[in-house]
Amino acid sequence: MSKSAKHPETQCIHAGDTIDPLTGAVMPAIYPSSTYKQEAFGVWGDYAYSRNANPTRAALERCVAELEGGTNAFAFASGMAASSAVLELLPAGSHVVASRGMYGGSFRLFNRVRRHSQGLETDFVDCSDLAAVEAAIKPDTKLLWLESPVNPTLQVVDIEALAAIGHKLGVLVVVDNTFATPLGQQPLLLGADIVMHSCTKWMGGHSDTLGGILVVKEEKLAAELQLVSNATGGVLSPFESYLLLRGIKTLALRLNQHQSNCFAIARWLEKHPRVQEVRYPGLESHPQHELAKRQMNHFGAVVTFLIDGNKDDVAILFNSLEIFSIAEGLGGVESMIGHPPTMSHNSMLPEERKFLGIPDSMIRLSPGIENSNDLIADLEQAFARI
């Protein structure tokens, strides 16, 4: 990419130099071929078999690697497939330290699936407490898994300080950067070893594709992840790769509107008599607001709040909405509302949710790119019914 392309709106268009070299097409072609003809016996080109590498997927990987400040990226069929690939790097029986309050699907993967199949032992720690994280790391700890902002509590953690702790103690540091996106923060530049994204969210941005990606800077890690990706085969399809590339082109523009709507809604919610607490890193009331200002380029596109009411009140509020969709999702152009205890984190036991700080009164908003006045009016009329 040209050195003059320093602003996110330009970077999203040109990162990875994805113009088709064969035809000059400004969007890369979709290559559905599963295999590729060799020039001659024993003469291998860049592509041999699409599980190993595919031209459309490679264009997406170059794009996201550049946006994240990395050297290599590996695209998978979902965010969970990408997360699973990281765990394949760990020896059986390893100890893991992970963000308390992490995404419910990640919690399920670590605490249910890989505890059984890989013997992983995971301690979930308040990663805003640096001393607690350092104390939790044992001689057999192989991975420090961070989210920032955390889903759904929106806690922000000090990635640079935590990466320093992890590396001092010889631990791999991974950051789930889904909620910030590459435009919000670049964990690799803060010291992380691997960045993970669920591309299904803001990168795709249109609620029409699944995808996950891992980004690294260090060549040894890249070689290990290439082996895992090829051996396990959970790679992203060419068509999904194309859809994600298309989505990334407008990521910066969409995020501006998402964040503008988040600010407007968060400030309105702070004044509402039925709202007990509002969590948004851009608000001065957020516990890690100063850290967010220092670490992030924008404050993200999710607002979480607690209502003065019970689960029945939540149901009335949700069912009264006209613009917001009740949906298991985030990051689309349309506004979505979710109830973490019964949706994203419903696989947890009640006592686990309580430990992670996810009460039944918690609501998570993913404002789309509609007009903020319409979104607030929709919330207002729904609140009036409880």
Side-chain angles (χ1 to χ4, degrees), residues 1 12-68 70-89 105 109 174 177-178 182 194-201 203-249 251:
M1 186 167 62
C12 285
I13 301 296
H14 298 285
D17 188 20
T18 57
I19 291 176
D20 191 319
L22 183 64
T23 65
V26 296
M27 283 297 290
I30 302 172
Y31 288 91
S33 182
S34 61
T35 192
Y36 305 83
K37 181 182 177 182
Q38 292 178 231
E39 184 177 335
F41 178 79
V43 180
W44 299 91
D46 292 336
Y47 302 99
Y49 192 69
S50 273
R51 173 165 37 81
N52 180 269
N54 173 274
T56 316
R57 190 168 79 243
L60 171 68
E61 291 166 340
R62 291 196 307 272
C63 174
V64 179
E66 188 164 330
L67 289 175
E68 274 289 1
T71 56
N72 294 272
F74 303 90
F76 295 86
S78 67
M80 294 314 306
S83 299
S84 296
V86 172
L87 300 187
E88 297 289 356
L89 301 176
L109 173 66
V174 179
N177 202 30
T178 300
I194 303 176
V195 171
M196 194 285 291
H197 286 277
S198 171
C199 302
T200 308
K201 313 305 190 296
M203 279 196 193
H206 294 79
S207 304
D208 59 2
T209 183
L210 290 174
I213 202 159
L214 301 174
V215 189
V216 300
K217 289 179 70 174
E218 204 266 325
E219 290 299 328
K220 181 175 181 294
L221 265 179
E224 292 173 355
L225 284 172
Q226 175 61 52
L227 173 63
V228 168
S229 174
N230 186 38
T232 59
V235 296
L236 192 65
S237 76
F239 182 64
E240 304 281 346
S241 299
Y242 164 81
L243 286 177
L244 287 174
L245 273 168
R246 184 198 63 175
I248 289 170
K249 300 291 185 183
L251 177 60

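Keep in mind that this is a model prediction, so the values were computed, not measured.
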Side chain to side chain contact (heavy atoms under 4.5 Å, CB included) involving Val26 - partner list, sequence neighbours excluded: none
Which residues share a side chain to side chain contact (heavy atoms under 4.5 Å, CB included) with Ala222, sequence neighbours left out: Asn72, Phe74, Val216, Glu219
All side-chain hydrogen bond (donor to acceptor under 3.5 Å, both in side chains) counterparts of Glu218, not counting sequence neighbours: none
Residue pairs passing the ring-ring contact (aromatic ring centres under 6.0 Å, His included) test where at least one lies in residues 32-61, sequence neighbours excluded: Tyr36-Tyr47
Interatomic distance, Cys12 atom SG to Leu251 atom CG [nearest 0.5 angstrom]: 4.5 Å
Contacts of type side-chain hydrogen bond (donor to acceptor under 3.5 Å, both in side chains), residue Thr178, not counting sequence neighbours: Asp176
Sequence-distant partners of Leu210, side chain to side chain contact (heavy atoms under 4.5 Å, CB included), two or more places apart: Thr200
Spacing of Leu245 atom CG and Thr56 atom OG1 [to the nearest 0.5 Å]: 8.5 Å
Distance in Å, Leu243 CG paired with Ser237 OG, rounded so as to fall on 0.5 Å steps: 8.0 Å
Validation row: Pro182, Met203 side chains within 4.5 angstrom (heavy atoms): yes
Residue pairs involving residues 32-58 (criterion salt bridge (Lys or Arg N to Asp or Glu O under 4.0 Å); sequence neighbours excluded): Arg57-Glu61
Side chain proximity check, Asn54 to Ser241, heavy atoms < 4.5 angstrom: no
Salt bridge (Lys or Arg N to Asp or Glu O under 4.0 Å) pairs, two or more places apart, involving residues 204-216: Asp208-Arg246
Pairs flagged by salt bridge (Lys or Arg N to Asp or Glu O under 4.0 Å) wherever residues 225-237 is involved - sequence neighbours left out: none
Residues in side-chain hydrogen bond (donor to acceptor under 3.5 Å, both in side chains) contact with Ser207, at least two apart in sequence or another chain: Glu334
From CG (Asn177) to CD (Glu68), nearest 0.5 Å: 5.0 Å
Non-hydrogen side-chain atoms of Leu89 and Ile194 separated by less than 4.5 Å: yes
OG-CE distance between Ser84 and Met196, expressed to the nearest 0.5 angstrom: 9.5 Å
Pairs touching residues 220-231 that satisfy salt bridge (Lys or Arg N to Asp or Glu O under 4.0 Å), sequence neighbours left out: Lys220-Glu224
Any Leu236 side-chain heavy atom under 4.5 Å of Leu244 side chain: yes
Separation of Ser229 OG from Asn52 CG (nearest 0.5 Å): 8.0 Å
Partner set under side chain to side chain contact (heavy atoms under 4.5 Å, CB included) for Ala25, not counting sequence neighbours: Asp20, Thr23
